[in-house]
Every structure is written in structure tokens, then in C-alpha cells.
Amino acid sequence: MSEGRDGFVPNPVLAGLVGVCPLIAVSRSLAEGVIYGLGAAFCAIALGAVIPPLKGIVADRLQAPISLALSTALALAYALCAGLYSPTLAASLWIYLPLLAVSGLSLGALRRCSSRERYGPDGKSRLGGICVESIMFLVTAAFIGALRETVGLGSLTLPTPGLRPTRIEFIGIAPLSFLLTPSGGFILLGFLVAAYKIIVRAGGRKAS
Amino acid sequence: MPADKRERMIESLAVAAALGFLVLFVAGVSLAVDSQAIAVETTALVADPSTISLVGRPGDPSFERLYRISDGSSVSYGVVLSLRSASSSALVAARLSRLGELKGLRLLGSASAKLPADAVEICSLFPGADEAIGRACAAVRSAEESGS
């Protein structure tokens with residue numbers, strides 16, 4: 001994925017389908033979407049900020065292992081902090097938190113940092129582009145989680161600290177609980193991708 | 001040893017040392033988080049912290065720590081389990097007898113599922129569970145009585 005000349009950055013999830021498998025597997029509620037999206041954004045932005053300065057210090061042959069080690073350390077540190085913040089949400093996100101080290105967004109950030117091209121929303125900054133994509137990923141993950149939970153269960157779970165996340169109940173029944181399964185999540189994602197493409201094309205831009 | 005080879009070796013050693021510090025940093029954070037997790041699990045399993053002690057780390061993905069609980073003459077074991085299905089997940093405190101029989105469960109929290117948090121506190125071993133059992137049983141009993 002790359003930005004247009006007018007600085008338009010396509011949504012990494014809805015236009016580029018970046019990291020959709022783990023995203024759909026874990027974003028079954030607003031809280032899970034926020035914690036997962038925040039982790040992916042944190043890892044990608046931190047890698048985008050740390051890797052370019054290292055390029056001037058470390059030899060080319062050592063850059064790949066160092067990038068991977070940094071990515072793993074960041075994802076592990078985030079997973080531990082998430083466990084401290086909310087053990088329930090961290091347990092729910094399970095192996096997907098450490099796997100943020102190799103998420104589509106983190107690998108995209110690593111690829112950008114190793115690229116000789118200069119691209120970002122302003123056509124110059126790599127970190128700027130990574131930040132915009134990461135924030136879009138976070139917002140999209142939170143939106144997908146909130147939509148699945150609201151439509152599927154008729155409730156909304158907030159990412160509050162502690163063992164029991166705060167839950168707002170809208171209705172007493174679960175209208176479309178199949179949306180919380182991976183297959184239901186991918187069906188919903190298909191509709192969201194279609195809606196995104198229609199909106200972007202209506203705005204006179206290229207959707208991907 | 002040729003100068004360029006020596007230079008490469010020094011470079012590699014410096015990077016290895018830097019990565020070692022990174023590992024130490026993550027291990028330090030891990031230890032701090034682990035002690036906090038033990039405190040949370042201990043509180044979830046017993047009311048009196050002096051009756052519980054950590055006895056093992058099974059390395060199971062569903063539960064990381066095993067505790068021994070001494071209530072006077074009886075001894076039981078406690079774990080905090082992570083239960084998952086395709087659509088939901090929950091964190092549950094469980095107490096087991098010495099033979100491995102399940103003595104009770106208590107829901108600690110769920111990430112998305114609509115679970116009746118009070119009704120699943122089914123074991124009188126847990127603090128405050130008697131009231132929950134009373135409420136849950138009364139609701140079930142009244143439903144059964146009205147049905148018959």
C-alpha cells in the first residue's frame with residue numbers, strides 16, 4: 001500500500017486487508033479491538049521511530065536480526081503491560097499479543113524503514129505514514145470490535161482496567177451472536193470493505 | 001586475525017550485548033508483571049493470603065500457576081484458568097481437591113460474552129459466594145416450581 005500524490009492514505013485494513021486474520025480472530029468486543037489495535041499501532045510506530053536511526057550505526061548484515069529482536073521485545077513488553085492493565089482482556093487476546101511482533105502492520109513498518117524510497121502522507125516522512133496507518137488500524141479495530149459486539153450481543157465492553165471490564169447492556173438478548181465467531185467476523189468485514197470502497201470512489205479517489 | 005574480520009567480530013559482539021540487555025529488560029518487566037499477577041490470582045482464590053502458596057508453574061497455556069491452599073486441616077489446590085471458545089473467553093478461578101476433583105468455580109471476568117457473573121460463583125469455598133449461590137438457586141428453584 002502506498003499513499004497517493006495528494007496525501008490520501010488508504011485504510012490498511014479495509015483497503016489493504018493488512019493483518020485481518022488475527023484482527024477478526026480477537027476483535028469480538030470494543031475492549032478487545034482497542035487493546036489489540038493499540039498494541040499493533042504501538043509496535044509499528046515504535047519500530048518506525050527506532051529502526052531508521054539504527055541504520056546509521058549498525059551494519060547492513062545485522063539490521064534484519066536486530067529489527068526482528070526489537071519487534072519481538074516491543075510486542076512482549078506490550079503483552080505484559082496489557083496483562084497488568086486487564087488480565088481478562090490479555091487472556092482473551094492470548095497468543096495474538098506476542099504475535100504482534102510479526103503482525104502485518106509491524107512488518108509493513110519494517111519494510112518501509114528498509115525501503116530506500118521516501119514516502120509518507122507528505123511524500124517525505126516514513127514515520128508520518130506509519131503513524132497515520134497505525135492510527136487508522138487502531139480506529140478500524142475498535143470499530144469492528146464495537147460493531148460485532150453491539151450487533152451480535154447487544155452490549156458494549158469498555159477497555160477499563162481490572163478483572164471485570166465495564167459492560168454497557170443495550171438489550172437483554174444476543175441478536176446475532178454468530179458475528180462473534182471468525183466466520184461471522186469475516187462476513188461483516190466483507191460488507192465493511194464494500195462500503196469503504198463505495199465511499200472512497202464516491203469521493204473520487206482510488207480505493208486501494 | 002585479519003583486521004576486517006576482527007572488526008566484524010567486535011561489531012557482532014556489540015550487537016549481541018545490546019540484544020542481551022534487551023532480553024534482560026523484557027525479563028525484568030516479566031518478573032514485575034508476574035508478581036502482580038500472583039497477587040491478583042491469590043486475591044481471587046482466597047480471602048486470607050496466609051493460607052495460599054505458589055507450588056508450581058505447569059507451563060500449560062490455559063493456566064500458568066498452581067497454588068496450594070491450606071484451610072485448617074484440609075488442603076486443596078487453586079488455579080486461574082483461561083477458558084476460550086470461538087466466540088468468547090473468560091477468566092475463571094477454580095479450586096480442586098488433592099485427587100483433582102473440581103470443588104468449585106468462580107468467574108473472574110469475561111471479555112465479550114454475556115455471562116451471569118453472579119450465578120457462576122457456585123462454590124461456597126469462595127468469599128461472598130454463599131449469597132450468589134442463594135440468588136442463583138432461588139431463581140432456578142422458583143422457575144422449576146412454577147413449571148411443575
Side-chain angles (χ1 to χ4, degrees), chain A residues 25-32 35 54 57-59 61-63 65-66 69-70 72-77 79-84 86-95 145 148-149 152-157 159 162-165 167 169 172-174 177-185, chain B residues 4 7-41 43-44 61-65 80-93 106-118:
Chain A
V26 297
S27 61
R28 296 166 298 198
S29 65
L30 171 65
E32 289 169 311
I35 298 290
L54 281 179
I57 305 167
V58 181
R61 69 190 169 85
L62 296 170
Q63 279 173 16
I66 285 181
L70 267 176
T72 309
L74 285 168
L76 270 176
L80 292 167
C81 292
L84 207 58
S86 172
T88 306
L89 292 174
S92 169
L93 296 174
W94 191 41
I95 193 72
R148 286 173 80 181
E149 191 184 8
L153 287 180
S155 61
L156 206 57
T157 308
L163 278 170
R164 285 192 182 172
R167 184 161 297 130
E169 295 273 347
I173 55 164
S177 57
F178 84 95
L179 281 181
L180 271 74
T181 62
S183 50
Chain B
D4 62 333
E7 198 176 309
R8 281 165 70 101
M9 185 184 271
I10 290 169
E11 203 173 54
S12 301
L13 285 173
V15 168
L19 292 181
F21 278 114
L22 197 65
V23 169
L24 283 178
F25 166 73
V26 174
V29 175
S30 175
L31 280 176
V33 172
D34 199 48
S35 62
Q36 180 68 24
I38 289 172
V40 169
E41 291 183 359
T43 312
S62 294
F63 63 99
E64 293 180 18
R65 288 165 281 269
V80 173
L81 291 163
S82 173
L83 304 178
R84 283 179 216 92
S85 70
S87 59
S88 64
S89 64
L91 214 57
V92 170
R106 180 187 183 188
L107 179 72
L108 299 177
S110 66
S112 59
K114 266 187 173 171
L115 295 173
D118 290 333

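Naming: A, B, ... by sequence-line order, numbering from 1 per chain. Every heavy atom of this structure was used, including side-chain atoms; hydrogens, water molecules and symmetry mates were not.
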Reported CD-to-CD1 distance for the pair Glu11(B) and Ile57(A), which is rounded to 0.5 angstrom: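 That separation rounds to 11.5 Å.
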Can you measure from CG (Leu80(A)) to CG (Leu31(B)) and round to the nearest 0.5 angstrom?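 Answer rounded to 0.5 Å: 10.0 Å.
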For [X] versus [Y], what's the shortest heavy-atom pair and its separation?
| X | Y | result |
| --- | --- | --- |
| Leu22(B) | Ala69(A) | CD2-O, 3.7 Å |
| Leu84(A) | Gln36(B) | CD1-CG, 3.1 Å |
| Arg8(B) | Arg61(A) | O-NH2, 3.2 Å |
| Leu107(B) | Arg164(A) | O-NH2, 2.9 Å |

Identify which part of Leu93(A) has an atom lying under 4.5 Å from any heavy atom of chain B, answering side chain, backbone, both or neither.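 No part of Leu93(A) comes within 4.5 Å of chain B.
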Closest-packed option against chain B by number of heavy-atom pairs under 4.5 Å, given Leu156(A), Thr157(A), Leu163(A):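 Ranked by heavy-atom pairs under 4.5 Å with chain B, first place is Leu163(A).
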In terms of heavy-atom pairs under 4.5 Å, which option from Gly162(A), Ala31(A), Ala59(A) contacts chain B the most?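 Heavy-atom pair counts peak at Ala59(A).
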Who passes side-chain hydrogen bond (donor to acceptor under 3.5 Å, both in side chains) against Ser30(B), sequence neighbours left out?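 Partners of Ser30(B) under the side-chain hydrogen bond (donor to acceptor under 3.5 Å, both in side chains) test: none.
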With a 4.5 Å limit on heavy-atom distance, are the side chains of Arg167(A) and Ser110(B) in contact?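 Result yes, sub-4.5 Å side-chain heavy-atom pair found.
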Taking side chain as C-beta onward, heavy atoms only, is Thr88(A) less than 4.5 Å from Leu108(B)?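 In short, these two side chains do not touch, never coming nearer than 4.5 Å.
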For Val40(B), is it the side chain, the backbone, both or neither that has a heavy atom under 4.5 Å from a heavy atom of chain A?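 Just its side chain gets close to chain A.
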Evaluate whether atom CZ of Phe178(A) has more than 12 neighbouring non-hydrogen atoms of other residues, nucleotides or ligands under 6.0 angstrom away.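 Enclosed.
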Output the option from Leu91(B), Asp34(B), Val33(B) having the highest count of non-hydrogen pairs under 4.5 Å with chain A.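 Top count of heavy-atom pairs under 4.5 Å with chain A: Val33(B).
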